[in-house]
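Just follow the structure's listing: the first ligand is 1, and inside any ligand the first atom is 1.
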Amino acid sequence: MSAVTARAHPNIALIKYWGKKDEELILPVAGSLSLTLDAFATTTSVELREGLAEDRLELDGLVRDGEQLARVSAFLDHVRSLAGASGRAVVRSVNEAPTAAGLASSASGFAALAMAASAAYGLDLDARGLSRLARRGSGSAARSLVDGVAVWHAGTDDESSYAEAVPAPPMGMVIATVDGGPKAVSSREAMRRTVQTSPYFSAWVSSTEDYLERMVTACRAGDFTTIGQLTEAHALRMHALIASTEPPIRYLRPRSVEVFDAVAGLREDGVEAWATADAGPNVAVLVQPQGAAETAARLAAIVGVDQVRVVGAGPGAHLLPEGCEVPPAPGTGTQE
Ligand code: PMV
């Protein structure tokens with residue numbers, strides 16, 4: 001059988017997902033909201049191949065085994081159980097994110113895999129079904145199925161936990177890379193530790209629900225200032241929460257904090273820019289299209305900011321026409 005190929009982009013959350021109420025189904029403790037980017041795509045093909053004893057994973061040009069293969073294979077097991085199929089597959093995947101950008105993401109990876117694997121195994125899923133499926137690979141992947149701004153409804157069970165589009169004003173991001181190294185603690189492990197040890201956890205859940213409601217209203221109203229204020233405040237709440245775990249975890253570096261300060265300086269000069277950061281030191285700055293160039297120039301001038309990239313709102317995961325193949329892996333291809 002020929003391969004089915006799909007493409008997906010990472011997303012950056014404006015209202016963050018941090019904490020699961022069900023580890024197996026990947027149900028979050030609260031909803032979240034993100035912007036799908038138009039850069040750093042992952043392209044993934046899935047080819048069912050008879051006679052294979054186990055799945056095969058080629059990531060960025062290298063054959064992978066161990067934990068990486070196990071995670072992909074567990075995801076394919078779920079797809080096979082839904083499809084009533086048993087055949088093994090060859091998965092080829094290439095990330096366009098440079099390793100140093102810290103954006104080679106599980107969101108784009110599992111969104112592209114959900115799209116390609118469901119088609120390869122003959123599952124006929126609607127948009128909601130695809131988002132639910134991607135969620136089982138990595139929570140944030142549920143949102144990369146959606147064009148532009150996506151709200152992920154926390155839900156109460158497998159069926160009700162999915163992402164869908166929210167209308168929003170034009171916006172983009174300036175990504176400032178301050179450190180491309182691997183995370184000290186994975187988001188999976190850090191979330192678990194947060195749920196188990198932070199004394200602030202219940203306040204986080206209720207404040208996230210409140211912020212999400214206000215964020216959806218602001219998006220629908222096209223109110224960029226409120227979107228920005230909520231974005232930055234919610235990111236800082238997440239990092240404060242993470243710092244309150246035992247033992248503590250801190251993802252932001254001194255340079256990351258400098259970027260947050262520079263963004264506050266931009267606002268004082270009349271540029272509407274608002275900072276956020278995921279489980280790592282790199283900072284994504286939310287801007288309107290007219291503020292992108294000045295923001296990029298200001299951040300590029302900070303010593304220790306390695307790379308600055310302007311990105312826009314991008315499409316949700318989609319299948320590529322038959323015959324399209326996974327591109328060659330860029331560089332040495334050792335990203336996670
Ligand atoms: O989906 P995961 O397990 O990679 O977790 C993503 C967590 C954050 O990026 C920090 C927040 C978010 O909502 O994307």
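Among protein heavy atoms, the minimum distance from atom 9 (O) of ligand 1 is reached at Asp278 CG, 3.4 Å. In terms of protein heavy-atom proximity, atom 12 (C) of ligand 1 is closest to Arg143 NH2, 3.3 Å. The nearest heavy-atom contact from the protein to atom 3 (O) of ligand 1 is Ser187 OG, 3.3 Å.
No more than 12 heavy-atom neighbours from other residues, nucleotides or ligands sit within 6.0 angstrom of CD on Glu67.
Looking at Asn11 and Ser144, their side chains do bring a donor and an acceptor atom within 3.5 Å of each other. The closest side-chain donor-acceptor pair between Trp18 and Thr194 falls under 3.5 angstrom. A side-chain donor from one of Tyr162 and Arg128 sits under 3.5 Å from a side-chain acceptor of the other. Of the N and O atoms on the side chains of Ser34 and Lys16, not one donor lies less than 3.5 Å from an acceptor on the other residue.
When Ser106, Pro28, Ser32 are checked for heavy-atom proximity to atom 4 (O) of ligand 1, Ser106 turns out nearest. Evaluated by nearest non-hydrogen atom to atom 10 (C) of ligand 1, the leading choice among Ala134, Gly280, Ala279 is Ala279.
If you look at Met191 next to ligand 1, the close heavy atoms, those under 4.0 Å, all belong to the side chain. With a 4.0 Å heavy-atom cut-off, ligand 1 is reached by no atom of His239.
Under the 4.0 angstrom criterion for non-hydrogen atoms, Lys16 is in contact with ligand 1.
Of the polar atoms of Ser140, at least one N or O is found under 3.5 Å from an N or O of ligand 1, judged by distance alone. For a threshold of 3.5 Å applied to N or O pairs, the pair formed by Asn11 and ligand 1 contains no separation below that value. Considering backbone and side-chain atoms alike, Tyr17 places an N or O below 3.5 Å from some N or O of ligand 1. Every N/O-N/O distance between Lys20 and ligand 1 stays at or above 3.5 Å.
Within the 4.5 Å cutoff, no side-chain heavy atoms of Pro28 are placed close to those of Lys21.
Interface of Ala13 with ligand 1, defined as ligand atoms under 4.0 Å from a residue heavy atom, comprises 12 (C), 13 (O), 14 (O). Near Gly139, meaning under 4.0 Å from any of its heavy atoms, are these atoms of ligand 1: 1 (O). Ligand 1 places these atoms under 4.0 Å from at least one heavy atom of Trp18: 10 (C).
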Go through it in stages, so that I can follow the logic: the residues are Thr208 and His234, the test is side chain to side chain donor-acceptor pair (under 3.5 Å), and I'd like the CA-CA distance, side-chain angles, deciding distance and then a yes or no. CA-CA 8 Å; Thr208 299; His234 196 257; 3.0 Å; yes

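For the pair Asp157 and Arg132, the salt-bridge criterion is not met [side-chain N within less than 4.0 Å of a carboxylate O]. The pair Arg267-Glu232 meets the salt-bridge criterion, with a side-chain N (NZ, NE, NH1 or NH2) lying under 4.0 Å from an Asp/Glu carboxylate O. Under a 4.0 Å N-O distance rule, the pair Glu58/Arg56 qualifies as a salt bridge.
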